[in-house]
Protein chains: 2
Amino acid sequence: MSAVQLPHPELAAAYAAARESPGATGACHLDSAAAGRMSRAVRAAIRDHLDLEARVGGYVAHEQVSERIDGGRRAIAELCGGQPDGVAFTESATAALRAMLLAMRLPAGSKVAVLPCEFGPNLRELRAFGLEPITVHPFTETGQLDLVSAAEQLDQYPPALLHLCYLGSHRGIVQPVRELARMGRERGIPVLVDAAQGFGHLDCCVDADAIYGTSRKWLCGPRGVGFAMLRDGFLGDGLPGGGAVLVESQEAYIAGRVGLAVALEEHMPLGPQKVRERLHAIGQLARGFLAGRGGWRVVEPEAEPSALTTLRPPSGFRDEDVAALRKHLLGMSPAIVTTYAGPERGPLEATAGVLRVSPHLDVTADALEQLAGILDTWRP
Amino acid sequence: MSAVQLPHPELAAAYAAARESPGATGACHLDSAAAGRMSRAVRAAIRDHLDLEARVGGYVAHEQVSERIDGGRRAIAELCGGQPDGVAFTESATAALRAMLLAMRLPAGSKVAVLPCEFGPNLRELRAFGLEPITVHPFTETGQLDLVSAAEQLDQYPPALLHLCYLGSHRGIVQPVRELARMGRERGIPVLVDAAQGFGHLDCCVDADAIYGTSRKWLCGPRGVGFAMLRDGFLGDGLPGGGAVLVESQEAYIAGRVGLAVALEEHMPLGPQKVRERLHAIGQLARGFLAGRGGWRVVEPEAEPSALTTLRPPSGFRDEDVAALRKHLLGMSPAIVTTYAGPERGPLEATAGVLRVSPHLDVTADALEQLAGILDTWRP
C-alpha cells in the first residue's frame, strides 16, 4: 500500500474523458512505455485524413494538412528546447537514428560512447553502420552519477559520438543526460539523445546536437511516427534547421503525422510540466503498491522520477515464467496489459527479464492493487 | 480520340464499387502513380486496427493481426516470384532501399550501375551511402534495348551493384529489367529492382536479389508502407528469407500493414494479369486522347505497356507553367488530380517538367476527353 498523493487530478479526468473507459475496452492498460492509448480525437484525425486521401489523392491531402503538421513541429520544438524548422518527422525513433547516422557519415570503426542502459536495437543500429559502441561509466559503486570520472573518460578516450539513452526500455531509471550532453558538447563531441521513453514523460530540453523520439509512447500518438529535433548547425553544412531536411522522410504516413499533431494539441494544454509531475508520482505510487508482493522486487528506487516500474521475479522464476505472467494477465477479464521486457532490450546491463508496468495519467489505486494481488498468488 | 477497347470491364466495376464515386468525392483522380485511391475496405481495416490498438494496446493488437499481415506476405511473394519469408515490410520503397544498402555494407566509392531513368531520390540515397552511380546505356540510338552493348559494359566495368528502376517517375517507359537482372545475376553482380511504379501494374516476377516497392501507388494501399522481396541467400549469411529480418522495420505503422494486406486481398481476386492488361490498355487509351491536344506532346510510344502518360508542354511553356496547369486542374469542380513531375525526378535524362496522368482501372473516356479539352484551351 502507499500513501502517495497524486498531483493534478484534473489531468486524469481530462485524459480519461478523451478515451474509452477501461470498462468499455475490456482492458486495464498499464503499458504506455510500449504504446500509449490513442485518444478518440487522434484516431478520428487519422481516419479523416485517410478519407481525405482517398477523395482528393494522397498528395493533395498532404498539402491541406501541412499547417496542422507544422503545429506539431512547434510543439515538439517547445518540448525539446529547439526551433520548429529543426524538427524532422520519421517513422520511428530508430528510423530517426538511422537517418542521422547516415547523414553524419562517421568513419567505420569510430567509437560511440553509450550508457550501460543503452537500448539493444540502438546498439544493433550503431553496429550496422560499422560503429563501435563503448560504455561510459559515469556511476559510482552506489549508483550515483560521478561527473568527474565521466569527464576523465571522455577526455582520455574521446569518442566520435556520444549517444545517450535517456530512459531504458528494461528499467525505469532516468539517466543524467543533461549533464552528460553538456559535457560532450563542451568537448566538441557530437551528442545524440534517444528520448523515445522520455518524450511526454521527462523534461526533454537537453542541449544536444539532436534529441529524437517517438509518437506512440507517453504522447499517445500513433505507431509509425517518430521525430528528431536537430540543433542549428548540426548537419548539412549550414542547411536551415540543422539539416532537418536530410533526416525527414519525404514519403510517409502523413495521416500518422496528423495524428501526432493532434496528440500534441491534447498534450500541451494539459501542461507538460504537470503531466511529468503526475507521471512521476504515479511511478512512485505503483512501486509502493507492487514492491515485495508475492516476492516480486521493484528494480527502481521508489521515488525515481519516471512512471516506469519494472519487477524482478521471485528467485527460482525463469525469464519464460515472467513472460508467462504477462500472458496470464492478458488473458484475464478485463485484461491487464503489461510488457515482458527481456534482457536483449538492455544487453549491456540486463541479465534477466522483468515485468514492466507503465500506467498513464488515469491509473487508479484499484488497478494497481488488483495487479499486486495477482503477484501475491500467481505461480508458473 | 481513340478506338482502343479496354479489356476486362468487370475490373472497372469491381474497382469502382469498392470506392466512393468521383461524383461523391468531387475529384476525378488521375494520379495513381503518386498514390492510388484506397478502397473503403482498406480504410476500414486501418481504422479498426487503430481502434483495437487503443483498446488493448499496440503490441497486443499486433499479435492479433499477424496472420492477416502474413497473408500480405504471401500475396507479395506470389506477385514477385519469391517466398513469403523473404518479404520484409518497411515504411516506403526508399526505406527498403536504405535498409538493404545498410545491410549490404558496400565499401564507399563502390560503383552502382543504374538506368538513365533512375529516380532522383534513389540517386541521393546511393550517394548518401558513399556509392557512385554510373549509367548503364543498353539502348541503341533508336531507343531499343541493346543487350550486346549492355553486356559488354557490365563485363568491362563490372559494378558492385546493379540498381534497376523498373519504371521512372517522370515518364511511363517500361525498362527491360528482366533481361538486365538476368545479365547481372549471371555475372555475380547483386541486382536490386525498384518496382515502386511497377507493383500492381507490371509483371514483377524478376529474378533479382531483391525487388522492392510501395503500397500506395497501383496497389491502392496506404501511404507509409513499403516492402522488399528478398531472394534466398541474399543477405545475412544464411538467415532465412534472404535476411528479410534485417530489412523489416520492427517498430512500424502496423495498421498500415493491415491496410496493405487488405489491398492485396482485393487485388488478387481481380487477377493481377488482367489488371495489368487493362492498365496497359488504359495507358494506350489515354495517350490516344491526349496526344497533340493544345500542342501538348505525349512522351511515351502510344502502345507502351504502362498506364502512365506524361505530357510535354507546347514550346514556349516553362516548368512553372506545367505546374500551374496542374494547379488549375486541381481548382476545377470537380477537381482533376494529376502530377507535375519536375526534372529532378529523373535527373539523369529529364531536362524539363511534364504533366503526369495516371488513371486507374475505372477511368472513363469522358474523363480523358475532359482533360484533353482543357489542354486544348488552357494557357498560362
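Letters A, B, ... are given to chains in the order of the sequence lines, protein chains preceding strands, and every chain is numbered from 1. FYI, side chains are in, hydrogens and waters are out, and symmetry mates aren't considered; it's all heavy atoms of this structure.
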Discussion item. Only pairs of heavy atoms separated by less than 4.5 Å count here; which of R124(A), R19(A), R47(A) has the most with chain B?
Written reply: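 Option with the top pair count is R47(A).
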Discussion item. I'd like to verify something: which residue of A27(A), A252(A), G259(A) has the highest number of heavy-atom pairs under 4.5 Å with chain B?
Written reply: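 Between A27(A), A252(A), G259(A), the count favours A252(A).
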How long is the straight-line distance from [atom2] of [Y] back to [atom1] of [X], given to the nearest 0.5 Å?
X	Y	atom1	atom2	result
L102(A)	L102(B)	CG	CG	8.0 Å
R257(B)	R223(A)	CZ	CZ	8.5 Å
D51(A)	R40(B)	CG	CZ	11.0 Å
S92(B)	E91(A)	OG	CD	6.0 Å
R98(A)	R98(B)	CZ	CZ	8.0 Å
R55(B)	R37(A)	CZ	CZ	10.5 Å

Worksheet item: If every non-hydrogen atom of Y59(B) is compared with every non-hydrogen atom of A34(A), which pair is closest and at what distance?
Response: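 In this case the closest contact between Y59(B) and A34(A) is CE1-O, 3.4 Å.
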Item to complete: Taking all heavy atoms of V337(B) and all of V60(A), pick out the closest pair and write down the distance.
Response: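 That would be CG1-CG2, 4.0 Å.
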Worksheet item: Where on R127(B) is there a heavy atom nearer than 4.5 Å to chain A: the side chain, the backbone, both, or neither?
Response: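 Contact with chain A is through the backbone of R127(B) alone.
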Worksheet entry | Distance under 6.0 Å and angle within 45° of ring axis: R216(A) vs Y253(B) |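 No, R216(A) does not sit over the ring of Y253(B).
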Practice prompt. Apply the test side-chain contact (heavy atoms from CB on, under 4.5 Å) to residues T94(B) and E251(A): give CA-CA distance (whole Å), side-chain angles for both, the deciding distance (0.1 Å), then the verdict.
Written response: CA-CA 8 Å; T94(B) 302; E251(A) 170 49 35; 5.7 Å; no
Discussion item. Could you walk me through whether L50(A) and M38(B) satisfy the side-chain contact (heavy atoms from CB on, under 4.5 Å) test, starting with their C-alpha distance in whole Å, then the side-chain angles of each, then the deciding distance to 0.1 Å, before giving a yes or no?
Written reply: CA-CA 8 Å; L50(A) 294 172; M38(B) 283 178 283; 3.8 Å; yes
Practice prompt. Let me know if A99(A) has heavy atoms under 4.5 Å from chain B in its side chain, its backbone, both or neither.
Written response: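 Both parts, heavy atoms under 4.5 Å.
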Which of [options] touches chain A most, by non-hydrogen pairs under 4.5 Å:
options	result
V42(B), D31(B), I254(B)	I254(B)
G226(B), S249(B), G130(B)	G130(B)
E53(B), R43(B), H29(B), Q250(B)	R43(B)

Worksheet item: Applying salt bridge (Lys or Arg N to Asp or Glu O under 4.0 Å), which residue pairs with at least one partner in residues 328-338 of chain A are found, sequence neighbours left out?
Response: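 Applying salt bridge (Lys or Arg N to Asp or Glu O under 4.0 Å) to every pair that reaches into residues 328-338 of chain A, excluding sequence neighbours, yields nothing.
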